[in-house]
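Every chain is numbered from 1 and lettered A, B, ... according to where its sequence line falls, protein lines coming before strand lines. Note that the coordinates shown come from a computational prediction; the quantities given were computed from them, not determined experimentally.
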Amino acid sequence: MEQHVPYVWRVLRSMGVAEHDLPDVCQDTFLVVHRRLAEFEGRSSLRTWICGIALRVASDHRGKAYRRREQAQGELPDVADSAAQDDELERRQAREQLGRLLDGLPADQRQVFVLFEIEQMQMKEVAAVVGCPLSTAYSRLYAARDTLKRALTAPDSKVAP
Amino acid sequence: MTSSRDPERLVHSRAADDAELGQLLRRAAADHPAPAQVEQVVRGVLRQLGAPRPSPLRRHGPWLSVVGLLLAGGAWLASSRSAPARRADGALRPSVVASAAAARPQSSASPADVPSARLRPATSAPPGPEAGPFPALQAGALAAPKGNDDAPTRERGQAAPPVEGAPSTPPTVTRPLSAAPPASVSARAQAAPAQSSSAARATQRDRARTRARSAGAVPDDELALLARAQRALGQAPLEALTSLRAHAAAHPHGRYAEERDALVCDALARLGRSDELHAAAAAFMALHVGSPLAPRIARYLDGARSAPRHSTQSDSGPATTLIK
């Protein structure tokens, strides 16, 4: 299971699960995987199948958080900040910036973009995971790219929250 | 990983306008969780998978109360057609008392909440504890022999606390799928209502003894009975049912009670006793909520639906004759 946790973690994070919820939602994903493992037919790779489950769990989680009217906070507050944490700080800022950009995408475009660009899956796998025709997956990817490029060039895109 | 038809990924793009987005994506792709976080997830999953399931009655008490209410409603419907619930001296028939107690909600039931008036019969068939709509539940294939008063009379999760002061309600009457029918317990309580508290204490002692036995190692005879039943299941389901009955009598809360109850359903399905099968399956679903064996029980029910329906009463007699 350890080999699957990193990409599930990344997919969940890219799909908008807050940092402090990631361990719990990741656990939920693997519990679903365990429960449904008997249904895995081997038509796709195990990674593709697990990514599909992670997408649905993330979607459920976001829906629940919305219904609970939770205020999602990106990160837990830091207790201390030292020079040794500069790298982590930089990574966190990049993560937050990408998160804000991805938040501006519709969910279907976001799924395709994350799986193709971050998880580097093949487009036919992406189409299988999100359950759409291959051509639709392509169009969603291009639409997402256009939206993100426009958002990056917008003047307020680099403003820290 | 890239198909020839796939577009170039932004992380690999050399175009100037893709540079910033590509850099963000490269960072995101390399942003792995810390080993401690991975370990936390793995430990959490393993803990949840390996943790013993809490008692279904404790987790799903309200739902089971609804199921019990439905069962009691069925009992009332059938008993109103077949047998009187009240004897000549006015005492409720034990099986009806058991159904009423099973229908009692877990938390806030009071004696007044039990619809005893609705349990009264409309016809005058001869009274007897064996009559009822769910023979397998009330005195049937899943039950221990009559007179086994030592069997615990409440499910593992302690569904409902005993109601004190109820004039026509015995102290402990609900029972698990595999426990003995409480006919004699109920009769005793009616005969000597003053002794109800001591009877309840004795029942609690029995229950504690059973729990202590269940908490320890699995007794050899428990496994032997199940193995015998499993071996006989294919060729002689009736014999298997007898072994399972013996298991239910000896180990009502044994380690393999869930498997036993599933085997009972299997045996009933093989015997074509669809009425008893439906009752046993309903009881299984109520007692073992979330069981991994539930799909198997559903398959038995599907098989019974597709097969010609046999009536318990007309073909093979009531379940009590099956297990005696």
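- For a residue to count as touching a neighbouring chain, one of its non-hydrogen atoms must lie under 4.5 Å from one of that chain's; by this rule Tyr142(A) touches chain B with the side chain only.
- Rounding to the nearest 0.5 Å places CG of Leu21(B) at 4.5 Å from CZ of Phe113(A).
- Going from atom CD of Gln93(A) over to atom CG of Leu24(B) covers 11.5 Å, rounded to the nearest 0.5 Å.
- Interatomic distance, Leu25(B) CG to Leu102(A) CG, rounded to the nearest 0.5 Å: 8.0 Å.
- Note that CZ of Arg10(A) and NE2 of His32(B) are 5.5 Å apart. Values are rounded to the nearest 0.5 Å.
- Across Arg145(A), Arg13(A), Gln27(A), the residue that shares the most heavy-atom pairs under 4.5 angstrom with chain B is Gln27(A).
- Heavy atoms closer than 4.5 Å to chain B are found in the side chain of Leu141(A), but not in its backbone.
- Note that CD of Gln37(B) is 4.0 Å distant from CH2 of Trp9(A), once rounded to the nearest 0.5 Å.
- To the nearest 0.5 Å, atom CD of residue Gln40(B) and atom CG of residue Leu22(A) are 10.5 Å apart.
- Neither the backbone nor the side chain of Arg35(A) comes within less than 4.5 Å of any heavy atom of chain B.
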